[in-house]
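Residue numbers count from 1 along this sequence.
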Amino acid sequence: MHAMQYEITLPADYDMRTVHRRIATKGPLLDSWPGLGLKAYLVRERGLDGSPVNQYAPFYLWRTTEGLNAFLLGPGFRTLCADFGRPAVRHWIGAGLRRGPAAGAPAADGPAAVGPAGPVAATRLTERLPEGADPAEAVERALAELPDHPDLHTAAVALDPARWELLRIALWRADAPAGAPGTRYRVHHLSSPELDRLPVGRHW
């Protein structure tokens with residue numbers, strides 16, 4: 001499993017309805033993309049959920065590198081670069097996955113109620129590992145701390161060994177719980193063609 005995200009920060013007065021329309025039009029194009037576990041179309045809007053910025057920040061869990069490469073080198077990403085400029089693409093090695101109770105429950109009303117279990121919110125937390133910290137211990141701890149909540153759809157842990165940065169991502173079928181740490185997003189669409197083929201639990 002490979003985790004991937006890019007963040008496109010937009011002007012403070014940007015009409016975010018443009019992003020919403022883009023997602024509504026282009027989001028379904030990845031609903032059957034080979035090798036894609038999931039793509040969560042994440043959005044931050046200035047003044048909502050404490051966000052200081054407008055941002056389009058889609059997050060991916062890839063099952064295969066072939067699917068990842070086909071996307072980054074294909075026409076869809078090329079079009080995004082033409083519209084917004086080429087973003088820096090972050091990449092982490094997948095370390096573990098949890099499927100929550102909400103993955104099989106009816107979706108709450110919200111911007112991403114797609115199918116029976118569409119998440120509407122996400123939280124993402126990144127943590128630099130201190131010098132001398134044992135990466136395996138840090139990953140094990142993060143896996144043990146993945147949320148066990150009735151509104152959890154999917155949660156994952158991943159590692160960037162260039163920065164020694166740990167990533168935790170959680171998708172929620174309702175607003176994220178008050179105590180959930182990290183940056184908060186709204187999920188406006190979920191493409192999950194091969195989510196059920198991603199292995200659950202520790203990935204090593």
Side-chain angles (χ1 to χ4, degrees), residues 1-94 110-115 118-126 153-154 156 158-163 165 167-171 182-195 197-198:
M1 183 177 76
H2 302 268
M4 186 181 92
Q5 187 180 34
Y6 45 89
E7 299 172 312
I8 299 172
T9 301
L10 301 160
D13 60 352
Y14 191 84
D15 186 351
M16 293 300 287
R17 290 174 296 182
T18 303
V19 173
H20 301 168
R21 287 192 294 269
R22 182 188 186 91
I23 294 171
T25 301
K26 298 183 179 296
L29 298 177
L30 268 73
D31 286 352
S32 58
W33 191 275
L36 176 63
L38 68 79
K39 176 179 180 178
Y41 291 75
L42 305 186
V43 175
R44 299 171 72 193
E45 297 193 43
R46 190 168 181 263
L48 297 179
D49 297 320
S51 176
V53 297
N54 289 324
Q55 193 175 72
Y56 174 49
F59 182 88
Y60 304 74
L61 292 176
W62 292 99
R63 191 180 69 83
T64 69
T65 54
E66 292 83 359
L68 185 160
N69 290 343
F71 174 76
L72 282 181
L73 303 177
F77 190 70
R78 191 177 300 123
T79 298
L80 179 136
C81 293
D83 292 344
F84 296 107
R86 187 178 64 193
V89 179
R90 296 294 315 279
H91 175 253
W92 300 263
I93 300 168
V114 289
V120 301
T123 50
R124 191 208 65 182
L125 180 68
T126 56
H153 181 282
T154 303
L159 181 68
D160 176 350
R163 300 187 184 197
E165 178 184 83
L167 166 79
R168 310 179 206 205
I169 182 87
L171 305 179
T183 303
R184 291 173 176 252
Y185 302 88
R186 305 305 294 178
V187 183
H188 284 258
H189 183 75
L190 181 74
S191 295
S192 55
E194 298 185 11
L195 177 58
R197 299 180 65 184
L198 292 178

### Task
Just jot down the salt bridge (Lys or Arg N to Asp or Glu O under 4.0 Å) partners of D15, sequence neighbours excluded, or say none.
R17

### Query
Looking only at heavy atoms, what is the nearest atom pair of L61 and L36, with distance?
O-CD1, 3.8 Å

### Message
With heavy-atom distances below 4.5 Å as the criterion, would you say the side chains of I8 and L80 are in contact?
### Response
yes

## Note on the structure
OH of Y60 to CD1 of I169, rounded to nearest 0.5 Å, is 13.0 Å

## Note on the structure
In terms of heavy-atom contacts, C81 and P87 come closest through SG-CD, 4.1 Å

### Query
Is the W62 ring parallel, tilted or perpendicular to the F71 ring (thresholds 30°, 60°)?
tilted

### Summary
Heavy-atom nearest pair, L125 first then G182, reads CD1-CA, 4.0 Å

### Task
Indicate yes or no: at least one non-hydrogen side-chain atom of V43 is less than 4.5 angstrom from one of I23.
yes

### Query
Does any pair with a residue in residues 57-82 pass salt bridge (charged side-chain N to carboxylate O under 4.0 Å, His left out), and if so which ones, sequence neighbours excluded?
R63-E194

#### Entry: Heavy-atom side-chain contact between T18 and L10 under 4.5 Å
no

### Task
Please identify each residue that fulfils side-chain hydrogen bond (donor to acceptor under 3.5 Å, both in side chains) with T79, with sequence neighbours left out.
none

### Message
Determine whether the aromatic ring centres of residues Y56 and Y14 are separated by less than 6.0 angstrom.
### Response
no

### Task
Hey, could you give me each pair passing salt bridge (charged side-chain N to carboxylate O under 4.0 Å, His left out) that has a residue in residues 22-37? Not counting sequence neighbours.
R22-D83

### Query
Does the side chain of R186 reach to within under 4.5 Å of the side chain of L42, using non-hydrogen atoms?
no

### Query
Between L190 and P119, which heavy-atom pair has the shortest distance, and what is it?
CD2-CD, 3.5 Å

### Query
Can you pull the salt bridge (charged side-chain N to carboxylate O under 4.0 Å, His left out) pairs that have at least one residue in residues 34-56, sequence neighbours excluded?
none

### ring pair (Phe, Tyr, Trp, His ring centres under 6.0 Å) evaluation trace for Y6 with F84
CA-CA 12 Å; Y6 45 89; F84 296 107; 9.6 Å; no

### Query
What residue among R90, R124, H91 forms side-chain hydrogen bond (donor to acceptor under 3.5 Å, both in side chains) with Q5?
R124

### Message
If I take atom CG from residue L167 and atom CD1 from residue I93, how far apart are they, to the nearest 0.5 angstrom?
### Response
12.0 Å

### Task
Ignoring hydrogens and angles, tell me if any N or O in the side chain of N54 forms a donor-acceptor pair with the backbone of A12 under 3.5 Å.
yes

### Task
Output, in order, the C-alpha distance, side-chain angles, deciding distance and verdict of side-chain contact (heavy atoms from CB on, under 4.5 Å) for L38 and L171.
CA-CA 11 Å; L38 68 79; L171 305 179; 4.1 Å; yes

### Summary
Taken in chain and number order and not counting sequence neighbours, the residues that satisfy salt bridge (Lys or Arg N to Asp or Glu O under 4.0 Å) with D13 are none

### Query
Looking only at heavy atoms, which two atoms of E165 and W92 are closest? And how far apart?
OE1-NE1, 3.0 Å

### Message
Strictly distance-based, threshold 3.5 Å: is any side-chain N or O of Y41 a donor or acceptor partner for the main-chain N or O of G27?
### Response
yes

